[in-house]
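Can you read through this structure? Questions will come right after.
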Amino acid sequence: HTHRKILVTGCASGIGLAHTQLFLDGGDQVYGVDKQSPETLSHHDNFFFFQTDLTRDLTALLTQLPQTFDVICHTAGILDDYKPLLETSDEDFTQIWASNLTPVIQLTRHFLPQMIAQKSGIIITMCSIASFVAGGGGAAYTTSKHALAGFTKQLALDYARTGVQIF
């Protein structure tokens, strides 16, 4: 297959690292974003790493990244230690949403127009069991993941006829 250009957020660990490795093994070019460096991938010729905190202003990151991708894989996110509401501060909620939801919206808003223009592209948003039922996280995490699932479903509906696949 032709080598795709893929953006993976949260590339240094967990699901994001697994996605990154899978795409690299398939011969794709992967542009990884994370707060920490994925040491195991530093030797790869097709891996381009951008160390940044996605809860900050993304302007500098967006000027460094390619302006178009074939696949965007949103996997960055943080947990909330399964805390119930009364043990979760407003700051905790803000931090969880700033990590789990806001970067997905901002990055999608930036790259979606180009995908629509080329009538192709894939946007993958990693949800969680907590996106659909309670118990997969605490109050802040579960709320953020429910919102992420709703955002993804609405995005898929709104842009269903554009040629962009949204999951």
Side-chain angles (χ1 to χ4, degrees), residues 1-79 94-128 131 141 144-167:
H1 73 74
T2 57
H3 302 297
R4 300 171 297 179
K5 216 181 319 179
I6 300 177
L7 174 64
V8 178
T9 65
C11 68
S13 63
I15 295 169
L17 179 59
H19 280 146
T20 299
Q21 193 63 61
L22 184 70
F23 291 133
L24 289 170
D25 290 348
D28 295 311
Q29 280 189 335
V30 178
Y31 294 77
V33 178
D34 207 306
K35 286 192 284 193
Q36 60 196 29
S37 177
E39 302 303 327
T40 59
L41 301 173
S42 58
H43 67 283
H44 230 287
D45 290 342
N46 283 332
F47 181 67
F48 307 93
F49 178 64
F50 299 85
Q51 188 163 4
T52 193
D53 181 342
L54 290 171
T55 66
R56 308 266 187 249
D57 182 354
L58 299 182
T59 305
L61 174 67
L62 293 173
T63 60
Q64 296 173 49
L65 289 171
Q67 289 309 297
T68 182
F69 287 98
D70 300 298
V71 179
I72 297 173
C73 199
H74 298 292
T75 61
I78 58 173
L79 299 168
T94 299
Q95 182 187 18
I96 296 286
W97 280 63
S99 296
N100 296 359
L101 184 64
T102 304
V104 173
I105 295 168
Q106 292 173 334
L107 291 169
T108 301
R109 185 189 318 267
H110 182 81
F111 291 109
L112 182 60
Q114 184 60 37
M115 288 181 159
I116 291 170
Q118 63 195 28
K119 295 180 174 49
S120 69
I122 300 170
I123 299 173
I124 302 166
T125 303
M126 288 309 301
C127 288
S128 160
S131 299
Y141 180 81
S144 74
K145 290 296 185 170
H146 268 70
L148 199 57
F151 173 76
T152 303
K153 290 175 188 176
Q154 189 64 46
L155 197 67
L157 177 70
D158 291 345
Y159 298 99
R161 291 188 165 92
T162 64
V164 179
Q165 300 173 64
I166 300 168
F167 306 98

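Every value quoted in this text rests on a predicted model; they were computed, and no experiment measured them.
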Under 3.5 Å, sequence neighbours excluded: what are the donor-acceptor pairs made by side chains of residues 106-115?
{"from": "Thr108", "atom 1": "OG1", "to": "His74", "atom 2": "NE2", "distance (Å)": "3.0"}
{"from": "Thr108", "atom 1": "OG1", "to": "Val104", "atom 2": "O", "distance (Å)": "2.7"}
{"from": "His110", "atom 1": "NE2", "to": "Gln67", "atom 2": "OE1", "distance (Å)": "3.2"}

From Ile122 CD1 over to Ile72 CD1, what is the distance, rounded to the nearest 0.5 angstrom?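 Ile122 CD1 to Ile72 CD1: 11.0 Å, rounded to 0.5 Å.
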Quick check: closest heavy atoms across Asn100 and Ser144, and the distance to 0.1 Å?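 The answer is ND2-OG, 3.1 Å.
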Please say whether more than 12 non-hydrogen atoms of neighbouring residues, nucleotides or ligands are located less than 6.0 Å from CD1 in Ile116.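 Counting other residues, nucleotides and ligands, CD1 of Ile116 exceeds 12 neighbours.
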Could you name each residue pair satisfying ring pair (Phe, Tyr, Trp, His ring centres under 6.0 Å) that touches residues 21-49, not counting sequence neighbours?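 Listed once each, the pairs are Tyr31-Phe48, Tyr31-Phe69.
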How many angstroms lie between CG in Leu7 and CD1 in Ile124, if you round to the nearest 0.5 Å?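 Result: 11.0 Å between the selected atoms.
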Among residues two or more places apart or on two chains, list those pairs meeting salt bridge (charged side-chain N to carboxylate O under 4.0 Å, His left out) that have a residue in residues 49-60.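 Matches after skipping sequence neighbours: Asp53-Arg56.
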Mind checking the OG1-CG spacing from Thr52 to Asp34? Nearest 0.5 Å is all I need.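 Answer for the OG1-CG pair, Thr52 versus Asp34, is 10.0 Å.
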Has the side chain of Ser131 got a donor or acceptor atom that lies under 3.5 Å from a matching backbone atom of Lys145?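 Flag set: sc Ser131 to bb Lys145 pair under 3.5 Å.
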Does Leu54 reach the side chain of Val33, with side-chain heavy atoms less than 4.5 Å apart?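 Yes, side chains in contact.
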Please assess Gln36 against Ser13 for the test side chain to side chain contact (heavy atoms under 4.5 Å, CB included), listing each intermediate value before the final yes or no. CA-CA 9 Å; Gln36 60 196 29; Ser13 63; 4.2 Å; yes
In Å, rounded to the nearest 0.5 Å, how long is the span from CG of Leu58 to OG1 of Thr63?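 Reported value, rounded in 0.5 Å steps: 10.5 Å.
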Under the rule for ring pair (Phe, Tyr, Trp, His ring centres under 6.0 Å), what residues qualify as partners of Phe151, not counting sequence neighbours?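 Once residues adjacent in sequence are excluded, Phe151 has no partner under the ring pair (Phe, Tyr, Trp, His ring centres under 6.0 Å) criterion.
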Any side-chain heavy-atom pair of Ile78 and Ile96 under 4.5 Å: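 Contact flag for Ile78/Ile96 side chains = yes.
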Decide if atom CG of Asp25 counts as having more than 12 heavy atoms of other residues, nucleotides or ligands within a radius under 6.0 Å.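 Counting other residues, nucleotides and ligands, CG of Asp25 exceeds 12 neighbours.
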So, Thr9 side chain and Ala76 main chain: donor-acceptor pair closer than 3.5 Å or not?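 Side chain of Thr9 to backbone of Ala76: a pair is present.
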Does atom NZ (Lys5) have a neighbourhood of more than 12 heavy atoms from anything else shown, all under 6.0 Å?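 More than 12 within 6.0 Å, yes.
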What residues form a side chain to side chain contact (heavy atoms under 4.5 Å, CB included) with Ala18, not counting sequence neighbours?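 Here no residue qualifies.
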Using atom types as modelled, flag every donor-acceptor pair under 3.5 Å from a side chain in residues 160-167 to any protein atom, sequence neighbours excluded.
{"from": "Thr162", "atom 1": "OG1", "to": "Tyr159", "atom 2": "O", "distance (Å)": "2.8"}
{"from": "Thr162", "atom 1": "OG1", "to": "Val164", "atom 2": "N", "distance (Å)": "3.2"}

Euclidean distance, Asp28 CG relative to His19 NE2, rounded to 0.5 Å: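 Output value for this atom pair is 12.5 Å.
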Taking all heavy atoms of Thr55 and all of Ala98, pick out the closest pair and write down the distance.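 Nearest heavy atoms, Thr55 then Ala98: CG2-O, 3.4 Å.
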When rounded to the nearest 0.5 angstrom, what distance separates CG in Asp70 from OG in Ser120?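 Answer for the CG-OG pair, Asp70 versus Ser120, is 6.5 Å.
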Looking at side-chain heavy atoms only, is the closest gap between Ile6 and Val8 below 4.5 Å?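 A side-chain contact under 4.5 Å exists here.
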Among side-chain atoms of Gln51 and Ser37, is any donor-acceptor pair under 3.5 angstrom?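 Ser37 and Gln51 do not have a side-chain donor-acceptor pair below 3.5 Å.
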Is the shortest heavy-atom distance from the side chain of Leu17 to the side chain of Thr75 under 4.5 Å?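 Sidechains of Thr75 and Leu17: no contact.
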